[in-house]
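One-based numbering along the sequence shown.
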Amino acid sequence: MAATMRRNCRVEYRGNEIVITGPAREAKQEAQRIIQRFACSAVPYRLDSAESDQVILKPDS
């Protein structure tokens, strides 16, 4: 499992999920950035769940 820090968020790659942990606003902004970045890739991501301090992205299949 790889993890990186972006702004005030921690981004973890868990198998096919991307888990973003941090303040709700920043986590959602980072999720949008990742969704847009992967939009035209072979494996685009979508928002799976968003809680107060965690956002989970999964491949759009």
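How far CG of Leu47 is from CD1 of Ile20: 8.5 Å, rounded to the nearest 0.5 Å. Note that SG of Cys9 and CZ of Arg25 are 11.0 Å apart. Values are rounded to the nearest 0.5 Å. Taken from CD in Gln29 to CD in Glu26, the straight-line distance is 6.0 Å, to the nearest 0.5 Å. Taking CD1 from Ile56 and CZ from Arg14, the interatomic distance works out to 7.0 Å, rounded to the nearest 0.5 Å.
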Inset, instruction - Show your working on side chain to side chain contact (heavy atoms under 4.5 Å, CB included) between Leu57 and Asp48 and close with a plain yes or no. - result: CA-CA 5 Å; Leu57 303 177; Asp48 185 59; over 6 Å; no

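Under the 4.5 Å side-chain contact rule for hydrophobic residues, Phe38 and Ile35 share a cluster.
Between Pro23 and Asn8, the shortest heavy-atom contact is CD-O, 3.5 Å. The heavy-atom pair separating Ser52 from Ala24 by the smallest distance is O-CB, 3.1 Å. Between Tyr45 and Asn16, the shortest heavy-atom contact is CE2-O, 3.4 Å.
By the 6.0 Å contact criterion, CZ on Arg37 is open, its count of non-hydrogen atoms from other residues, nucleotides or ligands being 12 or less.
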